[in-house]
*Asks:* 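Below is a structure I'd like to ask you about.
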Amino acid sequence: MVNVEASYMGFKLKNPVIVGSSGLTNSVENIIEIAKHGAGAVVLKSLFEEQIKHAASSTIMQNEYSNAYPEAEDYIRNYTRENDVANYLKLIEESKKAVDIPIIASINCVSNTEWTTFAKQIEGAGADGLELNVFVLPSDPNREGKDNEAVYFDIVRKILDTVNIPVALKISYYFSSLAKTVTKLSWTGVKGIVLFNRFFSPDIDIENLEIKTTNVFSSPSDIAISLRWIAMMSAHLNCDLAASTGVHDGEGLIKELLAGAKAVQIASVLYKKGFKEIASMLETLENWMERKNYTNLNEFIGKMSVAEAENPASYERVQFMKHFSGIE
Ligand SMILES: Cc1cc2nc3c(=O)[nH]c(=O)nc-3n(C[C@H](O)[C@H](O)[C@H](O)COP(=O)(O)O)c2cc1C
């Protein structure tokens with residue numbers, strides 16, 4: 001009998017499969033289903049700093065009296081925000097009552113301003129942990145990389161000063177010096193870093209000349225990016241790593257653990273195939289561990305990382321060469 005208990009962000013999880021923040025984790029009904037299907041933990045849908053502000057301003061736009069009554073504008077702005085926050089806090093409280101797996105709240109943020117006070121309320125509502133979903137698109141040609149990076153550190157610092165629950169940081173790979181930044185972030189006091197978030201990608205409709213979004217869901221081949229960076233970083237950090245993007249099956253789960261992840265977060269595969277995939281992934285993991293004579297995860301987490309693999313050169317290899325790809 002193998003033991004698939006995992007340790008992530010200071011939590012003892014019954015297994016390393018976490019359902020990632022998404023529309024699937026936005027209702028108590030789904031959280032109950034997710035727990036029933038065996039997930040080790042769940043990250044709730046992000047409360048968006050941007051969404052809160054947008055919701056407030058669009059309500060104000062619809063109010064024809066808003067210019068005449070600026071105090072009404074203040075009222076609506078606060079009401080909308082409080083309502084969103086109240087619903088989110090309710091989701092945390094009800095989820096905590098309904099299931100016994102860790103509930104990790106999530107906030108999407110781009111600044112360390114007013115929203116940070118919400119973090120305390122999230123902790124008060126009973127969230128076991130908090131994941132900060134931060135993405136600064138480095139698209140401003142007049143802004144230095146260090147200024148973009150400072151945003152992450154400022155947010156983390158503020159939140160760590162605000163709450164006592166474990167905090168994780170979910171990031172993208174858009175950094176000029178990804179390895180150095182992730183290393184420095186791991187020393188801030190965060191308990192976990194999630195590599196990587198996935199974002200809406202633009203596409204062009206050539207018939208209607210419109211910009212549209214594409215590939216909302218990942219595909220299994222997308223695992224390559226997180227696999228490479230988990231393998232390269234896992235031995236050097238002062239916090240746990242969770243893999244996100246492209247984990248669609250038990251094999252993907254095993255690969256990320258071998259690369260050094262303490263847990264994986266999944267979303268797309270559950271949208272495509274349903275919550276039953278959680279159990280299927282765990283079954284694949286258990287069967288593989290039995291075949292390989294592993295009794296617990298610690299015996300193989302990181303075994304194929306750059307630090308431990310016998311021939312890790314492929315992780316660093318970026319140019320196609322016939323010798324490595326077998327293709328001219
Ligand atoms: C429809 C949808 C909604 C998502 N919403 C959020 C969100 O609110 N916050 C967040 O941090 N990630 C969000 N994500 C990203 C997922 O948590 C995950 O990081 C990403 O989809 C990559 O994992 P996957 O390949 O298993 O889908 C969302 C993903 C999808 C597909």
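Remember, it's 1-based here, ligands and their atoms both numbered in the order they're listed.
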*Asks:* Does ligand 1 have an atom under 4.0 Å from some heavy atom of Ile266?
*Replies:*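 True for this residue.
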*Asks:* If I compare all heavy atoms of Asp84 with all of Leu47, which pair ends up nearest, and what's the gap?
*Replies:*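 Taking Asp84 first and Leu47 second, the nearest heavy atoms are O-CD1, 4.2 Å.
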*Asks:* What protein heavy atom lies closest to atom 12 (N) of ligand 1? Include the residue and the distance to one decimal.
*Replies:*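 Nearest protein contact, heavy atoms only, for atom 12 (N) of ligand 1 is Lys170 NZ, 3.0 Å.
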*Asks:* Considering non-hydrogen atoms of the protein only, which is the closest contact for atom 13 (C) of ligand 1, and what is the distance?
*Replies:* Ser21 O, 2.9 Å
*Asks:* So for ligand 1, is Ala267 a polar contact partner (N or O within less than 3.5 Å, distance only)?
*Replies:*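 Looking only at distances, the answer is yes, because the N/O contact criterion of under 3.5 Å is met.
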*Asks:* Going by an N to O cut-off under 4.0 Å, is there a salt bridge joining Lys90 and Glu93?
*Replies:* no
*Asks:* Aromatic rings Phe196 and Trp229: how do their planes relate, parallel, tilted or perpendicular, breaks at 30° and 60°?
*Replies:*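 Phe196 and Trp229: perpendicular rings.
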*Asks:* Quick one: nearest non-hydrogen protein atom to atom 5 (N) of ligand 1, plus distance?
*Replies:* Lys45 NZ, 3.1 Å
*Asks:* Ignoring angles and geometry beyond distance, decide whether Phe217 reaches within less than 3.5 Å of ligand 1 through its nitrogen or oxygen atoms.
*Replies:*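 No; the residue has no nitrogen or oxygen that sits under 3.5 Å from a nitrogen or oxygen of the ligand.
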*Asks:* Measure the distance from atom 20 (C) of ligand 1 to every protein heavy atom, then report the residue, atom name and distance (to 0.1 Å) of the closest one.
*Replies:*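 For this ligand atom, the closest protein heavy atom is Arg198 CB, 3.6 Å.
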*Asks:* Give the C-alpha distance, both sets of side-chain angles, the deciding distance and a yes or no for ring-ring contact (aromatic ring centres under 6.0 Å, His included) between Tyr152 and Phe175.
*Replies:* CA-CA 11 Å; Tyr152 295 78; Phe175 288 91; 4.8 Å; yes
*Asks:* What is the nearest protein non-hydrogen atom to atom 1 (C) of ligand 1, stated with its residue, atom name and distance?
*Replies:* Tyr271 OH, 3.3 Å
*Asks:* Looking only at protein heavy atoms, identify the closest one to atom 27 (O) of ligand 1 and say how far it is in Å.
*Replies:* Ser268 OG, 2.5 Å
*Asks:* More than 12 heavy atoms of other residues, nucleotides or ligands under 6.0 Å from NZ of Lys292: yes or no?
*Replies:*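 It does not: Lys292 NZ has 12 such atoms or fewer within range.
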*Asks:* What are the two closest non-hydrogen atoms of Ile104 and Met9, and how far apart are they?
*Replies:*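 Closest pair (atom of Ile104, atom of Met9, distance): CD1-SD, 4.0 Å.
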*Asks:* Any idea which protein heavy atom is nearest atom 22 (C) of ligand 1, and the distance to it?
*Replies:* Thr245 OG1, 3.3 Å
*Asks:* Counting each atom of ligand 1 from 1 as listed, which ones have a heavy atom of Phe48 under 4.0 Å away?
*Replies:*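 Selected atoms, number and element: 8 (O).
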*Asks:* Looking only at atom types and distance, does a side-chain atom of Thr162 sit under 3.5 Å from a main-chain N or O of Lys158, one as donor and one as acceptor?
*Replies:* yes
*Asks:* May I ask you to check if ligand 1 and His248 share an N or O to N or O distance below 3.5 Å?
*Replies:*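 No; the residue has no nitrogen or oxygen that sits under 3.5 Å from a nitrogen or oxygen of the ligand.
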*Asks:* For the pair Phe275 and His37, name the ring-plane relationship: parallel under 30°, tilted 30 to 60°, perpendicular over 60°.
*Replies:* tilted
*Asks:* As a check for students: among Ser218, Ser46, Ala242, Ser22, identify the option with a heavy atom nearest to atom 24 (P) of ligand 1.
*Replies:* Ser218
*Asks:* Look at atom 19 (O) of ligand 1 and find which of Ser219, Ser226, Ser244, Gly23 reaches it with the closest heavy atom.
*Replies:* Ser244
*Asks:* Consider only side-chain N and O atoms of Asn112 and Arg157, and report whether a donor and an acceptor are under 3.5 Å apart.
*Replies:* no
*Asks:* Do any nitrogen or oxygen atoms of Glu131 lie less than 3.5 angstrom from nitrogen or oxygen atoms of ligand 1?
*Replies:*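 Not met; the criterion fails.
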*Asks:* Quick check: closest heavy atoms across Lys14 and Ala39, and the distance to 0.1 Å?
*Replies:* CE-O, 3.5 Å
*Asks:* Out of curiosity, is Asn108 lining ligand 1, as in a heavy atom under 4.0 Å away?
*Replies:* no
*Asks:* Counting non-hydrogen protein atoms only, what is the nearest one to atom 15 (C) of ligand 1? Give residue, atom name and distance.
*Replies:* Asn197 OD1, 3.3 Å
*Asks:* Do His248 and Ser218 meet the criterion of a side-chain donor-acceptor pair at a distance under 3.5 Å?
*Replies:*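 Yes, because at least one side-chain N or O of His248 sits under 3.5 Å from a partner of the opposite role on Ser218.
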*Asks:* Of the backbone atoms (N, CA, C, O) and the side-chain heavy atoms from C-beta on, which set of Asn133 has a member under 4.0 Å from an atom of ligand 1: side chain, backbone, both, or neither?
*Replies:* side chain
